[in-house]
Amino acid sequence: MNDMSSIPIRKIIHVDMDAFYASVEQRDNPDLRGKPVAVGGSAARGVVAAASYEARAYGVHSAMPSITAKRKCPDLIFVPPRFDVYKAVSQQIREIFAEYTPLIEPLSLDEAYLDVTENLKGMDIATEIALEIRAKIKVVTGLNASAGISYNKFLAKMASDLNKPNGQAVITPKNGPAFVEALPVKKFHGVGPATAERMRKYGIETGLDLREKTIEFLVEHFGKSGPYFYGIARGIDERQVKPNRVRKSVGAEDTFSQDLHAYDPAREGLQPLIEKVWGYCEANGIGAKTVTLKVKYADFNQITRSKTVPAPMPAIADLEDIVSLLLAPIFPPRMGIRLLGVTLSSLEQRTPAAEPQLRLAL
């Protein structure tokens with residue numbers, strides 16, 4: 001691992017739209033403004049895809065079962081998602097990014113990394129670029145964006161959360177290692193709840209605790225993520241901002257705090273994963289033909305079930321149907337389910353010519 005002095009200083013901005021889906025709904029329907037709004041299904045098996053800041057004040061958040069959200073906030077207004085609209089707004093935002101740099105790596109419809117070390121405007125100060133981009137997004141879309149600015153992707157991502165909503169923060173090379181040192185590992189991007197719990201068992205609760213572990217220890221206990229954890233504990237992340245990243249697959253998974261035994265909670269737990277992988281594909285203009293469901297049981301044995309369709313799925317509803325189809329035969333399960341995952345593969349870059357058809361399908 002290189003030390004800081006051997007790494008050229010980069011200028012990375014992470015732009016993250018504030019409560020994106022919910023904000024679009026409030027923008028388009030004045031009756032929803034200032035009210036607690038959840039995008040998602042209100043039915044018993046529904047899941048919150050996004051929550052407005054008014055709803056978040058009650059403890060409502062994305063991936064929460066709708067029934068729980070309603071209990072926390074009885075006045076919560078549910079709005080069905082409109083992915084075609086979110087995608088169109090995301091495209092407007094992408095066009096603003098492209099005025100500043102070709103090095104844009106979308107993570108989903110509502111967030112992206114930009115490398116502005118060398119930029120199309122010849123601007124030296126990345127914080128000023130972020131301010132300009134956020135102002136343009138507001139003018140063009142009427143929506144608020146937050147931004148994080150730093151010398152690597154990990155810290156830019158962490159910085160974008162510091163002054164949300166409608167704010168920005170910078171983490172400099174000088175204060176990066178100290179920032180990481182004080183941060184709880186459960187807040188690290190790339191450390192999920194299951195990994196954070198495993199780290200806790202090894203006495204790792206902060207960045208400082210993580211920094212005290214050797215790379216050999218981290219590789220032994222966390223596999224291929226070990227070198228990444230070793231680096232970020234020191235404020236080092238050498239990953240490049242990769243535009244038009246060609247991937248073989250896109251996946252998301254979740255380990256549940258309690259084992260699942262019934263179909264409805266399992267299907268509910270899969271919905272945020274479906275939305276995450278679909279959002280990534282939409283943001284990157286990718287179509288997928290193969291869906292794989294991963295199921296890990298309480299004894300850590302796991303199975304996968306896949307289905308391939310002849311042409312890329314045109315809408316999220318198609319993905320939801322296939323996941324439900326793959327999930328149903330597993331019930332009743334032979335024992336409790338501790339983890340579920342969804343992976344999309346057989347990926348194809350969508351051609352611009354296919355766009356009108358795609359929007360009609362949505």
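Everything numeric in this text was worked out from a predicted model, so none of it was measured.
For the residue pair Gln271 / Glu320, a side-chain donor-acceptor distance below 3.5 Å is found, with atom types taken as modelled. No side-chain N or O of Thr343 forms a donor-acceptor pair with one of Thr292 less than 3.5 Å apart. Side-chain polar atoms of Ser324 and Arg267 form a donor-acceptor pair below 3.5 angstrom. Judged purely by distance below 3.5 Å, without hydrogens or angles, the side chains of Glu282 and Tyr86 never pair a donor atom with an acceptor atom. Side-chain contact annotation: Ser108 with Asp110, donor-acceptor N/O pair under 3.5 Å present.
Connection of Tyr297 to Leu339 is not established within any shared hydrophobic cluster, with ILVMFWY side chains joined at heavy-atom distances below 4.5 Å, either directly or through further cluster members. Under a hydrophobic clustering in which Ile, Leu, Val, Met, Phe, Trp and Tyr are joined whenever their side-chain heavy atoms come within less than 4.5 Å, directly or via other members, Leu131 and Tyr100 fall into different clusters. Taken together through direct or relayed side-chain contacts under 4.5 Å among Ile, Leu, Val, Met, Phe, Trp and Tyr, Trp278 and Leu293 form part of one hydrophobic cluster. When the side chains of ILVMFWY residues are joined at heavy-atom separations under 4.5 Å, either directly or via intervening members, Ile125 and Tyr151 end up in two distinct hydrophobic clusters. No continuous path of hydrophobic side-chain contacts links Val48 to Ile274 [ILVMFWY only; heavy atoms under 4.5 Å].
Rounding to the nearest 0.5 angstrom, the gap separating the CG atom in Leu218 from the OH atom in Tyr228 is 13.0 Å. Taken to the nearest 0.5 Å, the CG atom of Asn144 stands 12.0 Å off from the CG atom of Asp16. A distance of 9.0 Å separates CG of Leu103 from CD of Gln240, quoted to the nearest 0.5 Å. The structure places CD1 of Ile104 at 15.0 Å from OH of Tyr113, a figure rounded to the nearest 0.5 Å. If you take NZ on Lys35 and CD on Gln26, they are separated by 10.0 Å, rounding to the nearest 0.5 Å. Atoms CZ and CZ, on Phe222 and Arg198 in that order, are 5.5 Å from each other to the nearest 0.5 Å.
Looking at heavy atoms from C-beta onward, Lys138 lies out of side-chain contact with Leu143 at the 4.5 angstrom threshold. Here the side chains of Ile337 and Lys296 are not in contact, with every heavy-atom distance at 4.5 Å or above. Counting heavy atoms from C-beta outward, Ile149 and Ile171 have side chains that stay 4.5 Å or more apart. Inter-residue side-chain proximity for Glu132 and Met123 is flagged as met; some heavy-atom pair is nearer than 4.5 Å. Two residues are said to be in side-chain contact when any heavy atoms from C-beta on lie closer than 4.5 Å; Pro243 and Glu105 fail this criterion. Put simply, the side chain of Val309 does not reach to within 4.5 Å of the side chain of Asp318, judged on heavy atoms. Counting heavy atoms from C-beta on, the side chains of Ile322 and Met313 come closer than 4.5 Å. Within the 4.5 Å cutoff, no side-chain heavy atoms of Val140 are placed close to those of Ile137.
The two residues Phe20 and Ser90 have their closest heavy-atom pair at CZ-N, 4.2 Å. Nearest heavy-atom pair across Ala156 and Ser150 is N-CB, 3.6 Å. The shortest non-hydrogen separation linking Ala50 to Ala22 is CB-N, 4.2 Å. Between Ala147 and Arg134, the closest heavy-atom pair is CB-CD, 3.8 Å. Closest approach of Ala51 and Ala19 over heavy atoms only: O-CB, 3.5 Å. Nearest heavy atoms, Ala98 versus Leu120: O-CD1, 3.4 Å.
Enclosure of atom NZ in Lys307 is not indicated, since only 12 or fewer non-hydrogen atoms of other residues, nucleotides or ligands lie within 6.0 angstrom. In this structure, Lys276 places its NZ atom where only 12 or fewer heavy-atom neighbours from other residues, nucleotides or ligands lie under 6.0 Å away.
Taking 4.0 Å as the cut-off between side-chain N and carboxylate O, Asp124 and Lys11 do not count as a salt-bridged pair. Note on Lys157 versus Glu111: salt bridge recorded, some NZ/NE/NH1/NH2 to OD/OE distance being below 4.0 Å. Salt-bridge annotation for Asp237 and Arg239: present, with a side-chain N of the basic residue lying under 4.0 Å from a carboxylate O of the acidic one. A salt bridge is absent between Arg56 and Asp18; no separation between the charged side-chain nitrogens and carboxylate oxygens falls under 4.0 Å.
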Trace of the salt bridge (Lys or Arg N to Asp or Glu O under 4.0 Å) decision for Asp299 with Arg334: CA-CA 11 Å; Asp299 63 359; Arg334 60 180 186 82; 3.4 Å; yes
From CA spacing to verdict: side chain to side chain contact (heavy atoms under 4.5 Å, CB included), Phe229, Ile215: CA-CA 9 Å; Phe229 293 151; Ile215 193 165; over 6 Å; no
Test salt bridge (Lys or Arg N to Asp or Glu O under 4.0 Å) applied to Arg82 and Asp28, step by step: CA-CA 11 Å; Arg82 298 180 298 154; Asp28 293 352; 2.8 Å; yes
Step-by-step side chain to side chain donor-acceptor pair (under 3.5 Å) determination, Thr290 to Thr308: CA-CA 4 Å; Thr290 300; Thr308 300; 2.8 Å; yes
Worked verdict on Val116 versus Arg10 for side chain to side chain contact (heavy atoms under 4.5 Å, CB included): CA-CA 8 Å; Val116 296; Arg10 292 180 294 156; over 6 Å; no
Derivation of the ring pair (Phe, Tyr, Trp, His ring centres under 6.0 Å) call for Phe217 and Tyr202: CA-CA 10 Å; Phe217 175 91; Tyr202 295 119; 5.5 Å; yes
Trace of the side chain to side chain contact (heavy atoms under 4.5 Å, CB included) decision for Asn163 with Ser146: CA-CA 7 Å; Asn163 288 320; Ser146 293; over 6 Å; no
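Of the options Ile129, Ile133, Asn119, Val241, a side chain to side chain contact (heavy atoms under 4.5 Å, CB included) to Leu114 is made by Ile133 and by none of the others.
Within the structure, ring-ring contact (aromatic ring centres under 6.0 Å, His included) contacts touching residues 117-143 (residues at least two apart or in different chains) do not occur.
Counting only distance, with no hydrogens or angles, the side chain of Ser160 and the backbone of Val15 share no donor-acceptor pair below 3.5 Å. With hydrogens and angles ignored, the 3.5 Å screen pairs a side-chain donor or acceptor of Asn175 with a backbone N or O of Thr172. Remark: side-chain polar atoms of Thr101 are paired, donor with acceptor, to backbone N or O of Asp115 under 3.5 angstrom.
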Acceptor/donor pairs from residues 176-190 side chains to any protein atom, 3.5 angstrom cut, sequence neighbours excluded:
from: Glu181; atom 1: OE1; to: Arg211; atom 2: NH1; distance (Å): 2.9
from: Glu181; atom 1: OE1; to: Arg211; atom 2: NH2; distance (Å): 3.3

Could you list the donor-acceptor pairs under 3.5 angstrom formed by side chains in residues 67-80, with sequence neighbours left out?
from: Lys70; atom 1: NZ; to: Pro74; atom 2: O; distance (Å): 3.2
from: Lys70; atom 1: NZ; to: Leu76; atom 2: O; distance (Å): 2.9

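Aromatic pair Phe83/Tyr21: ring centres closer than 6.0 Å.
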